[in-house]
Amino acid sequence: MQNVVITGSTRGFGLSMGKEFLKSDCNVTISGRSKNLAYKLKKELKELKGNFFYIPCDVRNKRDIKKLWDLSRDRWGQIDIWINNAGQNCPYAFCYDTGKPYVDAIIDTNIKGVIFGSQVAAKNMLAQGKGQIWNIEGLGSDDMIQEKTIIYGMSKRAVTYFTKALARELKKSSLKIGLLYPGMMLTEFITKTPDGDSSPIINDKSFKFVFNALADRPETVAKFFIPRILKNKKNYQKL
């Protein structure tokens, strides 16, 4: 039985991964920025196989991440898998029309959040002698440029570089560092703005065509990833 922590796991891909780990009989820490886990979601998770509990965590705050590790370790004994999944999108708009609050949110969540999460997990996993850290790639990771999403794309390109470099720094340790590339998934991360409104991108004809043809559901992607994560023995694995 493995113990798993996933940041940003109350909805979308993070939640789908959490459910798949529970179905695989893992102990899972679910986390998000809300003070409490919604009753409906708590009921859904209780119907699955493994054990879980919820910890509020804002990944922009390193103290929150330290608390997430400490409480999870106290609950499960050790942490085998840590996934930096929490992410922030920004309005579908040209860079020069994107306000500072959105830019700050992208940098603080997608870049600083991954750095803070990786720092806390790596330091503690080195002390316990083992563990896996996984970061999430996305649009921009491969240098593809999509207009009106370039700030988000920049953050994901940074995550790819950082993860590859972290794997190199830890190559002589027993830790395993990996990247997950979920590809296109139709979730609220795409269809909603950071403020919770419908994103104008969903009215783009080319967007509709591409997503109808290529996008997977997060549940399908999670079913592919989770068995491979649980069996992984390689440093700098890319899935």
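FYI, side chains are in, hydrogens and waters are out, and symmetry mates aren't considered; it's all heavy atoms of this structure. None of the values given here were measured: they were computed from a predicted structure.
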Peer 1: When you measure from the side chain of S9 to the backbone N and O of S31, does any donor-acceptor pair fall under 3.5 Å?
Peer 2: yes
Peer 1: Does the S173 side chain pair with the main chain of L175, one donor and one acceptor, at a distance under 3.5 Å?
Peer 2: yes
Peer 1: According to a 4.5 Å side-chain heavy-atom criterion applied to Ile, Leu, Val, Met, Phe, Trp and Tyr, with indirect links allowed, do Y39 and I30 form part of one hydrophobic cluster?
Peer 2: no
Peer 1: When the ring centroid of F53 is compared with that of W76, is the distance short of 6.0 Å?
Peer 2: yes
Peer 1: Determine yes or no for a side-chain-to-main-chain donor-acceptor pair under 3.5 angstrom, with K176 supplying the side chain and S174 the backbone.
Peer 2: yes
Peer 1: Sub-3.5 Å donor-acceptor pair from the side chain of E147 to the main-chain atoms of F94, do we have one?
Peer 2: no
Peer 1: Using modelled atom types only, decide if a donor and an acceptor are shared between the side chain of Q2 and the backbone of L230 within a distance under 3.5 Å.
Peer 2: yes
Peer 1: Under the side-chain contact (heavy atoms from CB on, under 4.5 Å) criterion, do E137 and L239 qualify, and how do the steps go?
Peer 2: CA-CA 10 Å; E137 291 191 298; L239 297 176; over 6 Å; no
Peer 1: Any side-chain heavy atom of R157 within less than 4.5 Å of one from Y152?
Peer 2: no
Peer 1: Would you tell me whether T7 and N84 have side-chain atoms, one donor and one acceptor, within less than 3.5 Å of each other?
Peer 2: no
Peer 1: Taking the basic N atoms (NZ, or NE/NH1/NH2) and the acidic carboxylate oxygens, is any pair closer than 4.0 Å for D70 and K66?
Peer 2: no
Peer 1: Pair E219, S16 - check side chain to side chain donor-acceptor pair (under 3.5 Å), show working.
Peer 2: CA-CA 5 Å; E219 297 90 343; S16 294; 4.5 Å; no
Peer 1: Determine whether N124 and W82 satisfy the following criterion, side-chain contact (heavy atoms from CB on, under 4.5 Å), listing intermediate values before the conclusion.
Peer 2: CA-CA 11 Å; N124 284 283; W82 177 284; over 6 Å; no
Peer 1: Give a yes or no on whether the backbone of F224 and the side-chain of R228 come within a donor-acceptor separation of less than 3.5 Å.
Peer 2: yes
Peer 1: If only side-chain N and O atoms count, and only distance matters, is there a donor-acceptor pair under 3.5 Å linking N235 with Q237?
Peer 2: no
Peer 1: Under a 4.5 Å side-chain heavy-atom rule over Ile, Leu, Val, Met, Phe, Trp and Tyr, are W69 and L126 clustered together?
Peer 2: yes
